[in-house]
Participant: 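Let me give you the structure first, and then I'll get to my questions.
The figures here come from the full heavy-atom set of this structure, side chains too, leaving out hydrogens, waters and symmetry mates. Order of the sequence lines sets the chain letters (A, B, ...), proteins ahead of strands, with each chain counted from 1.
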4 protein chains.
Amino acid sequence: MTRDEFDALFERLRRDRLPGLPGRTQRVVAAGLVRTGEVVAMGRPWDSVPGPDNRRPALHLMTELADVTPPEPTVHKDFLASDFHGKSQTHLDALCHIAYRGLLFAGVPAREVVSSRGACYGAVTDLLPGLVGRGVLLDVARLRGRAWLEPGEAVEGPELLACAERQGSPLLPGDILLLRTGHLARRRSLGAWDADGLSAGLHPGAMHVLHESRASALGGDGDSDVRPSPVPGVHSPIHVLAVTAMGLPLIDNMDLEALAETCARTGRWEFLFLAAPLNIPHGTGSPVNPLALF
Amino acid sequence: MTRDEFDALFERLRRDRLPGLPGRTQRVVAAGLVRTGEVVAMGRPWDSVPGPDNRRPALHLMTELADVTPPEPTVHKDFLASDFHGKSQTHLDALCHIAYRGLLFAGVPAREVVSSRGACYGAVTDLLPGLVGRGVLLDVARLRGRAWLEPGEAVEGPELLACAERQGSPLLPGDILLLRTGHLARRRSLGAWDADGLSAGLHPGAMHVLHESRASALGGDGDSDVRPSPVPGVHSPIHVLAVTAMGLPLIDNMDLEALAETCARTGRWEFLFLAAPLNIPHGTGSPVNPLALF
Amino acid sequence: MTRDEFDALFERLRRDRLPGLPGRTQRVVAAGLVRTGEVVAMGRPWDSVPGPDNRRPALHLMTELADVTPPEPTVHKDFLASDFHGKSQTHLDALCHIAYRGLLFAGVPAREVVSSRGACYGAVTDLLPGLVGRGVLLDVARLRGRAWLEPGEAVEGPELLACAERQGSPLLPGDILLLRTGHLARRRSLGAWDADGLSAGLHPGAMHVLHESRASALGGDGDSDVRPSPVPGVHSPIHVLAVTAMGLPLIDNMDLEALAETCARTGRWEFLFLAAPLNIPHGTGSPVNPLALF
Amino acid sequence: MTRDEFDALFERLRRDRLPGLPGRTQRVVAAGLVRTGEVVAMGRPWDSVPGPDNRRPALHLMTELADVTPPEPTVHKDFLASDFHGKSQTHLDALCHIAYRGLLFAGVPAREVVSSRGACYGAVTDLLPGLVGRGVLLDVARLRGRAWLEPGEAVEGPELLACAERQGSPLLPGDILLLRTGHLARRRSLGAWDADGLSAGLHPGAMHVLHESRASALGGDGDSDVRPSPVPGVHSPIHVLAVTAMGLPLIDNMDLEALAETCARTGRWEFLFLAAPLNIPHGTGSPVNPLALF
C-alpha cells in the first residue's frame, strides 16, 4: 500500500466517526451472552525479565514484609512500576496515545499532550466506564488450520469476515473484536523474538471491515499491526487507522490462548467482554486484565 | 472487644472456610441483573499529590512525546509507579497481604511471602478471573439519613442486615458487598484527614453477617476497618477477619458516590460487579477500577 | 527589579561567558588547602516523607533480604527512585535544566532537550569530572549574627563581598561558592515550610559578584533564589542568571550546618570542594553528596 | 579452595578488624598527590538497555519539558530509578549489603536489615564522609601485557604485590585499591556477556594482601570476584571476605579504562581518590561516580 493510498484510506475511515464505547443497549445484549458463568482472563503476566520482545521490563518489588517484631497484623506490600506501552504487559491504548501528521483523533493537535500535565484530550479517563460489550474472538490461526501465523503474515479484511462467518459470530455494531494470530502459542513453543520488527497482524485495508461493522474496540495477541509495516514511512498503520482515524481503543499483548481453547470447546466465539482501565488522570492508556464471561 | 474475644471470633470465622470467588451459577445470576446497560466506575483517580491521607503518592510521569522530527505516527507514553496498598488508589488486597500471628489464610506460614520472590501463597494471581458476581451496595450513610458517617463511627452487623432489607437487596451467597460510609462525600466537603488514624468502618463483630451470608468479597469507600481499632493490639481487625480468617479479598478506597447516586435514582442496590486485578505474579494485590453494570 | 532591568542584567552577564568548571591549576591550588584531613559531607538525607517542602518525595525501597534459605552469602538490596530536582535531596543542576525565553546557555534552543532522548545539549555528563576546586562558604547568617535569615530575606552583592572579606576568604576565579542562609537550622528549629514560595536567597543583582569573581559554581542551603522572586514574571531569576546566562551549575538543598560549624571552629572558610554527579547520559542534573575537605 | 579453607580464611581475616575509611593523615597525604589537576571520572553511564550483563536496567525518564506556554524560566526535569546493585551502574556496597552465615560485619545479625526500615547496622550513611584517600590502580591486565583478562581468570595475591611494585606504587595503609582486569575493554571489543556467571577477578586467597596492607576499600571494573567462584557453595567469596570479614566497602562496575590510560601516560598509578555515596538513610549502598585527581 503506498503512502498516498494509506492517506486516502485514513481520510475515508475518519469521516463521520464518533469515538465509541459500546452503548447501553449493546451492553445489555452482551450481558445476555452469559450462560455458563465461565470466565477467561486475558491479561498476560507482568514481565520483569528483559528479552528480545521486552526491552523495557516492568518492575515488581516487594517492599514490606513481616520481618520485624510486629504489631498485629503483619502486612505484606509490593511496588509496581512500568512503562506499560511496551511489551511487558497487556494494556489499553487511549486516543491520545497516537498522533498522525501532528493530529490526534478528531483533528485535535498533538500538543494537547504535554509533559507537565499529560493528555488534555483523549486521556484514558475517557474510557473509565470500561470496554464492556459483546466480544468476538476472530481466531484466524484456527481458521487457517494452523497453530499460529508466522511473524510478518498479514490478515486481510475478507479473511476477518470469513472467520466471523465460519465461527457463526457475525460482526455487530459495538463489538470488541479480538484478533488471534497465535502469537503466544508460537512464543511458548519457539521462544521470544523481536515482535516490534516482525509480527503477524492486520493489513491496513482490513480496517474497512471494522469501519463498516462499527466495531468499538480492537484487541490482539500481538499489537494488531502486521510488521514490518506495509506502508512506507508509517511504522504502525493499524494504530493510526484505529486510534487516530476511527477513535477505536486498542488492547495490545493479550493472552488469547485460553480464550481460543474455550471458544473451540464450547463452539461459541462471542461473550461478554470486560476491560476496565485504571483511573489515571491525563494518562495515555492503562495496564488491564480483560475478562471474557461466557 | 477484648483481644481474647477477637481471637475467639477469629477462630469461629475461619472454621470451614474456603476462599471463594463467586461461582459460575452466581455469575450467571449476576449477569441477569443487567437491564439498562448503565455502567458506574468506582476507581478513584491515581493520587500523586501528597496529603494527610496520601503519605505515599502514586507516580504518573509522561515519558515520551511527539517532540522530535518524527517517523509517523508519533506516540505519547507515560510511566506509572505506585506502592498501591497506600491511599493513593483503589486497590484489591490478595490473601497474602495480611498475616495474623504469623499465619496467612488457611494457616499458611507468613514466610511464604519473601522479598526475593514475592508471595508463594495467596498471590493476587489466584484472583485473575476477577471478582465477577452480584454486587450489593450497603449504603449505611443513606440508611442513617446522613451525608456521611463521622470518622471513628462503627457499623455493626444488625445495621448491615437492616440496610440490605431496607434497600430490598437481601444478602445472597457469593455477594460482593460494598460498604458506603460517605468517606469521599466528607472528603470533598471538608478536605482530607488522616484516615489511617480515624475512619468510619465495620466493627469486627459485623463480620458474622458476611460469614453467615457467605459473601465472597468486601469493598468500601474507606478500607472497611473502623479506626481507631476497637481491638487492643490489632490495628486492622477487619482486614484480619476478612482476609486471614475468612479468605475474602478486600477492595479499599473505592469511590462509591456515583454508585450511591445511581442506586438511589434507580431504586436498585444490586448490580453486576466486575473487578479484574492485573496479572502480577507473586503480587499482594493490584490497583483496580471496579465497575457496576445495571 | 523590573523585567527590563533583569533582561539587561541577563545580557550583561551572558556576554563573553564560557561555562567553566575549575581549571587544572585551580584544582591543584585547591588540593593544597587540605591540611587536617577533616571531611564534611553536605548531602541531605533522601527525604521520602511528604511535607510542605517535599511535594515529590524520594523513594527508597528494600527489595531483597536474606529471608529464604539461601545460597551463601545472602545479599540485601534496595531500590531508589526520585524526581531529584525537587526538594527531596541535594542535587546538581546541569546547564540544560533551565531555559529562558526558549533558549539554554549559549543561545542553544530549548528544543535540544526532548522527551524521547533527554538533553542533547548541556547534559549533566558535561560535568562528569565533577566540581572539584576551591570551595568557599559564604556564611551570611553568621555575618549577620543570626541563626538564620528569615524566608524572603534577600542577600545583595556587597554583602557577599563583605562576608568573604570578614571571613578572610577573598573570592578567586574558579571558586565554588556556597551560600548559607541557615535554612536547615531554621527548619530544624521551627519545622518545614513551603520554601518554593518563601525562602531566603540571593537578589539577582548579586550575580554581578559571581560574574566578576569568575566563580565556577554556586550552591546553597536553599536553592540560591530568594522567594518570592523580586522580578515580575520570572520565578527563579538566580537560576536563569547562573545557569542560562553564566553557565554556572547550581547545587540546591545542601546541608551547610556542619560545614558552618567546622569553618567557625577552625577559622577557615575555604576548603577543597568535591561533588561528582552520577553518569546519567542526557540527564538534566544529578543527586550528589558534596564533600568539603580541610 | 575448599569451603573449610574458605571459612578458616574468613576467620583469620575478620580478626582484629575495624571497618575503616582512610584516616585524616592518610587523606592529607593523598591530597598531596595532586600535582597536575587532571581529573578522571570512573562512573559508568547509567545503562537502561537490557543485555546479557544488564538484567535489571536503570530507568531514566524525562518528566518535564518546556512544552506549554510557560512562566519563565522553563524547566527540564528527569526521573531516575534503579536497583543499583545490579550491573546497570557503578556503585558502592555498604557493610550491610552482604551477610555470611546469617551475620553481617562484626558478627551483627543479618536481621538488622529489615524490609520496612532498611539497614539498622552497616548502612551506607556510615560512609557519608566518602572514600577519600590514596587510590592505587592495580592494572593487572597491563602487567600481563594484555588488553584484558579472559572471563574466569583469577588474580592471586602475589600478582597484586608484583603489580604494585612494577608500577612503583607500593601498597600503604588506608589505600583504596582498584583492580583492572580490562573488563570494559573486552566488552567494548567483543560485546557484553553474562558477567555474573563468568568474569575475571580476585582469588579469595588474594585478600591476604589487602588485609596485610590495611587497605580501606576495594574497587574494580568487574565486581572484584572471579566467577565462577572457586569456593563451593559461596557465590561471591570476595564480597564475603571484603565486606563481611574485613569491613571493606566495595565499588563495583567501575570504568577504569581512561584511568589506566592516564596512569600509563603519566607513569603514576597513585592519585587522590574520591567517591561520595548519596545520603540514603538505612541504604545498602549507593550509585557513585568516583574521581581520580592527579
Participant: What part of A:V132 gets within 4.5 angstrom of chain B, counting heavy atoms only: side chain, backbone, both, or neither?
Facilitator: side chain
Participant: At a heavy-atom separation under 4.5 Å, does B:L104 approach chain A through its side chain, its backbone, both, or neither?
Facilitator: side chain
Participant: Ignoring hydrogens, what is the shortest heavy-atom contact between B:G130 and A:L291? Give both atom names and the distance.
Facilitator: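 Looking at all heavy atoms of both residues, the closest pair is CA-CD1, 4.2 Å.
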Participant: Look only at the side chain of A:R27 and the backbone of B:G37, and say whether a donor-acceptor pair between them is shorter than 3.5 Å.
Facilitator: yes
Participant: I'd like to know which of B:P45, B:A276, B:A81, B:P129 tops the heavy-atom pair count under 4.5 Å against chain A.
Facilitator: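 Among B:P45, B:A276, B:A81, B:P129, the one with the most close pairs to chain A is B:P45.
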Participant: About how many Å separate CZ of A:R56 and CZ of B:F79, when rounded to the nearest 0.5 Å?
Facilitator: 11.0 Å
Participant: Side chains of B:V75 and A:H97: does their closest heavy-atom pair fall under 4.5 Å?
Facilitator: yes
Participant: Under a 4.5 Å cut-off applied to non-hydrogen side-chain atoms, are A:S115 and B:T63 in contact?
Facilitator: no
Participant: I need the residue from B:V231, B:T25, B:T36 with the largest number of non-hydrogen atom pairs under 4.5 Å to chain A.
Facilitator: B:T36
Participant: Heavy-atom pairs under 4.5 Å with chain A - which of B:L128, B:D93, B:L278 has more of them than the others?
Facilitator: B:L278
Participant: Can you see which heavy atom on B:N279 is nearest to which on A:G43, and at what distance?
Facilitator: ND2-O, 2.7 Å
Participant: Give, as side chain, backbone, both or neither, the part of B:H235 having an atom under 4.5 angstrom from any heavy atom of chain A.
Facilitator: both
Participant: Which residue pairs satisfy the side-chain hydrogen bond (donor to acceptor under 3.5 Å, both in side chains) criterion with at least one member in residues 280-294 of chain A, sequence neighbours excluded?
Facilitator: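 Listed once each, the pairs are A:H85-A:T284, A:T284-B:D78.
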Participant: Check whether B:L293 gets within reach of chain A through its side chain, its backbone, both or neither, counting any heavy atom under 4.5 Å.
Facilitator: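 Side chain only.
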Participant: Do you know the tightest heavy-atom contact between A:I98 and B:P73?
Facilitator: CG2-CB, 3.7 Å
Participant: Select, from B:L61, B:V39, B:V243, the one with the greatest count of heavy-atom pairs under 4.5 Å involving chain A.
Facilitator: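 The candidate making the most pairs under 4.5 Å is B:V39.
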Participant: Under 4.5 Å from any heavy atom of chain A, what part of B:V240 do you find: side chain, backbone, both or neither?
Facilitator: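 Contact with chain A is through the side chain of B:V240 alone.
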Participant: For the pair B:E38 (side chain) and A:R24 (backbone), establish whether a donor and an acceptor sit closer than 3.5 Å, ignoring hydrogens and angles.
Facilitator: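 Checked: no pair found.
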Participant: How far apart are the closest heavy atoms of A:A99 and B:H76, and which atoms are they?
Facilitator: CB-CE1, 4.1 Å
Participant: List for me each residue that meets salt bridge (Lys or Arg N to Asp or Glu O under 4.0 Å) alongside A:E112, sequence neighbours excluded, and say none if there are none.
Facilitator: none
Participant: Name the member of A:S48, A:P277, A:P237, A:G133 that forms the most heavy-atom pairs with chain B at distances under 4.5 Å.
Facilitator: A:P277
Participant: Are B:R35 and A:V28 side-chain neighbours, meaning at least one heavy-atom pair lies under 4.5 Å?
Facilitator: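 No, every pair of side-chain atoms sits at 4.5 Å or beyond.
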Participant: Among B:R101, B:M42, B:Q26, B:Q89, who wins on heavy-atom pairs under 4.5 Å with chain A?
Facilitator: B:R101
Participant: Got A:K77 and B:D83 here, is their nearest side-chain heavy-atom distance under 4.5 Å?
Facilitator: yes
Participant: Under 4.5 Å between any side-chain heavy atoms of A:V34 and B:L272, yes or no?
Facilitator: no
